[in-house]
Undergrad: 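For reference, the structure I am asking about is given below.
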Protein chains: 2
Amino acid sequence: MKPKVTIEDIARLAGVSKATVSRVLNERSNVKAETRERVLRVMQEQGFVPSLAAAGLAGGRSRLVGVLTPPFTQPTVPEILRGVAEAIEHTDYEIVLYSTNAGQSPTTIVNRILALGLTSCLLVIQPGPLTPRLLQLASQGLPVVVIDDQGPPPELPSVGIDNRVSAYQATMHLIRLGYRRIAHLQGPAEFRCAQERYQGYRQALDDAGLPFDPALVFNGTFETASGRACAVALATLPLAERPEAIFIANDQMAFGFLSAAEALGLRIPQDLAVVGFDDIPLSAHVRPTLTTIKQPFYEMGRNAVELLLSLLHGPAMQPVAGAEDGYQPPIRIQLPTRLVIRESCGALTLHRRQEQEHSLSDE
Amino acid sequence: MKPKVTIEDIARLAGVSKATVSRVLNERSNVKAETRERVLRVMQEQGFVPSLAAAGLAGGRSRLVGVLTPPFTQPTVPEILRGVAEAIEHTDYEIVLYSTNAGQSPTTIVNRILALGLTSCLLVIQPGPLTPRLLQLASQGLPVVVIDDQGPPPELPSVGIDNRVSAYQATMHLIRLGYRRIAHLQGPAEFRCAQERYQGYRQALDDAGLPFDPALVFNGTFETASGRACAVALATLPLAERPEAIFIANDQMAFGFLSAAEALGLRIPQDLAVVGFDDIPLSAHVRPTLTTIKQPFYEMGRNAVELLLSLLHGPAMQPVAGAEDGYQPPIRIQLPTRLVIRESCGALTLHRRQEQEHSLSDE
DNA sequence: CTGTTAGCGCATTCAT
DNA sequence: ATGAATGCGCTAACAG
């Protein structure tokens, strides 16, 4: 094994004490410039890299952030992780990765986390059932940030999007295209984002003066199969009752819907326009390509890291006005989404002149 | 912050020495059953979790495996990582993740790795330019395993596939379908796998007694654009010289080929049959769906972890016959691939009776 | 089988 | 501005 170069070696070679080397390492100011230079040079020559493990142990706080993620194969995850990794890279922190395969108990996972004792903070993607434990940990002082791609109410610092507004934009897009009977395939009620997207849908109908028909709201699971089921349900509807368009609460279900629709001889968008939600990689490649709300997954990752590190460095944030009692509501970073117009909504066929990837940020 | 429960606490509460607690922790056998029980109970009660950081420091070897990966958005990566994560989960090791964004210098990356001093081994996905450094590290005793999805000659322990045989199968599949003029879009020569796939292609032609036409071999970059370029090149060929089928060295290029072909009015598979290589998620969803060689990415991840840990635990492997001089060639785990038959090769339209996902393992 | 003694490599008091 | 001493939480020899 490579003989690890230690601070002691550097100290000896540079003719200073270990303490001084340590000071240089941590960029303390109270080191004579000349000495610092010399030490730095020796470190360079020796290829010295301080042991994070030891530093963490001795200093009481480590430079490792624990990242808890759902399986990588979940389509939204890679982009988020890319953002996380890239943000971390610019810091002197490292990532310890825990993948939370659905089956395991929250306790097991959390134990693995604490096990390290070297993870000084936690970044959790889609906490789901872990939330209670996270709250507990956070209340014990562990900095935690969640990316609630589809999460429960953020009692924790979080980064996410405004689901209500985004759903509103999606629905309004359909309304603007002239569709009047607009259905909605919603996600499971236990997901807050499913409710919010439903609310955005309702609100858009209301604002446009369109009647709300409960028969046009279908219950989904956020999974492909429920998209297929919805298409079947729609196809069996009497022609007069069929909607002209549908807003589907995530792309995964939209894929199922699209494929079943094709099999059923339902033409998209001619017979039925479709708008999804998420914009995962596949969305640009299914047939027809899917008009959808783009979630800024990459940016979510980046922002989450920044938030986490800011929590770590300055636990004393400037008090929010009106929170004079000392209670600070958890920080929430809300990122903008964007409507990506593709084939499935019919905009391209109906109005060729319209710009293809039109941002509805003027909403 | 939560007051960490230490071994000392447990020792006091259980009325034993710290050493004994440590022995229990590491499942040493020389502890009286009764004592062990008591210690375990106390640990349970106190919710004790040993600090990996301290353990690593003290024991000289840590329980962290460094995983070096290309950007997660590279389509083959998530599956591999899923395999890695799942395999790790069954152990008491943890993952420290380094994403190797192309731009950075190998030194920077390697420094980050050594920085920890807590990573006792390395798992590298697509080492690429890092290889020289890795060899150096390995020769210094650091256990390293690479997953050479498209890597250079494995002088390091590695897990991968047999590219030659797989390419042979792909080409032979086209030959069996009756195509005789078969083109090949190859990857860049600096990738060993590109050469091997080319060799497999050549061999299949030879074995089938088909003439080899150098004009039918195109140079690609493994990226989408070069697939498009190839389609254009093919389309400009005089009709008489056009191939009836093409074996493309990876799916990414095949996507480009498919989309350009569509734009050029070239029908796949009627005018030209296509077989790709990799079977990444998109491959089942492009139009037409892509017949391709499935690489077992998930299994590669799992196997790599197992190999790495075995290297870590028993550096003394049983000598390979014929290596009496003490030199051990690096271990290579070669996983089987599988031909996945979809639309683009024409098998489904030509021979409806054939099974859809026919494994050519009898090759 | 079990307790005692030393460190692992570093950060952090205290001194000076 | 720098050096010496102490300890983070744990494992690894040693002794019994």
Undergrad: Can you tell me the distance, in whole Å, between the CD1 atom of A:Ile7 and the P atom of D:dT6?
TA: 19 Å
Undergrad: Please figure out whether B:Ala33 or B:Gly56 has its closest DNA chain C nucleotide nearer the 5' end.
TA: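 Nearest-nucleotide comparison on DNA chain C picks B:Ala33.
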Undergrad: Is B:Thr6 close enough to D:dC8 that one of its side-chain N or O atoms is under 4.0 Å from OP1 or OP2 there?
TA: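 Result: no.
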Undergrad: Given the rule that a pair is Watson-Crick or G-U wobble with both distances under 3.5 Å, how would you write DNA chain C in dot-bracket, using | for pairs to a different strand?
TA: ||||.|||||||||||
Undergrad: Between which nucleotides of DNA chain C, 5' to 3', does chain B make heavy-atom contacts below 4.0 Å?
TA: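 On DNA chain C, the outermost contacted nucleotides are C:dC1 to C:dG9.
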Undergrad: I need the CG-C1' distance between B:Asn26 and D:dG9, as an integer number of Å.
TA: 13 Å
Undergrad: Send over the distance from A:Arg28 CZ to D:dG3 C1', rounded to a whole Å.
TA: 15 Å
Undergrad: Rounded to the nearest 0.5 Å, what separation is found between the OH atom of A:Tyr98 and the CD1 atom of B:Ile95?
TA: 10.0 Å
Undergrad: What is the distance, rounded to the nearest whole Å, between atom CG of B:Leu57 and atom P of D:dT11?
TA: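 For the pair B:Leu57 CG and D:dT11 P, the rounded distance is 11 Å.
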Undergrad: Any Lys/Arg nitrogen of B:Glu37 or B:Arg41 sitting under 4.0 Å from an Asp/Glu carboxylate oxygen of the other?
TA: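 Salt bridge between B:Glu37 and B:Arg41, a charged N being under 4.0 Å from a carboxylate O: no.
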Undergrad: Please tell me which of the listed nucleotides, D:dC10, D:dG7, D:dG3, lies nearest to the side chain of A:Arg23?
TA: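 Taking heavy atoms from C-beta onward, the closest nucleotide is D:dG3.
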Undergrad: Just the rounded figure in Å: distance from P of D:dC14 to NZ of B:Lys18.
TA: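 For the pair B:Lys18 NZ and D:dC14 P, the rounded distance is 19 Å.
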Undergrad: Compare every heavy atom of A:Val145 with every heavy atom of A:Ser158, then report the nearest pair and how far apart it is.
TA: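 Scanning both residues, the minimum pair turns out to be CA-CG1, 4.4 Å.
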Undergrad: Between A:Phe72 and B:Arg82, is there a cation-pi geometry (under 6.0 Å to ring centre, at most 45° from the normal)?
TA: no
Undergrad: Tell me whether B:Thr69 contacts the main-chain N or O of B:Ser99 through its side chain, where contact means a donor paired with an acceptor under 3.5 Å.
TA: no
Undergrad: Quick test of your reading of the model: are B:Lys18 and B:Asp9 salt-bridged, counting only N-O distances below 4.0 Å?
TA: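 Between B:Asp9 and B:Lys18 there is no salt bridge, as every charged N stays at least 4.0 Å from the carboxylate O atoms.
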Undergrad: May I have the distance from A:Arg38 (atom CZ) to D:dA1 (atom C1'), rounded to whole angstrom?
TA: 13 Å
Undergrad: Determine whether a donor-acceptor pair (N or O, by modelled atom type, separation under 3.5 Å) exists between the side chain of B:Arg63 and the backbone of B:Asp92.
TA: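 Checking the backbone N and O of B:Asp92 against the side chain of B:Arg63, no donor-acceptor pair under 3.5 Å is found.
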Undergrad: Can you find a side chain N or O atom of A:Ser17 that sits less than 4.0 Å from OP1 or OP2 on D:dA4?
TA: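 It does not, given that no N or O in the side chain of A:Ser17 lies less than 4.0 Å from OP1 or OP2 of D:dA4.
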Undergrad: Without decimals, in angstroms, what is the distance between B:Ile10 CD1 and D:dC10 C1'?
TA: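 For the pair B:Ile10 CD1 and D:dC10 C1', the rounded distance is 13 Å.
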Undergrad: Expressed as a whole number of angstroms, how long is the span from B:Arg63:CZ to D:dG9:C1'?
TA: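 It is 15 Å, rounded to the nearest whole Å.
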Undergrad: Measuring from atom CD1 of A:Ile147 to atom CD of A:Gln126, what distance do you get when rounded to the nearest 0.5 angstrom?
TA: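 It comes to 9.5 Å.
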Undergrad: For B:Gly60, answer base if it contacts any base atom (sugar-phosphate contacts may also be present), sugar-phosphate if it contacts only those atoms, and nothing otherwise; contact means non-hydrogen atoms under 4.0 Å.
TA: nothing
Undergrad: Quick one: do B:Glu8 and B:Arg12 make a salt bridge, cutoff under 4.0 Å?
TA: no
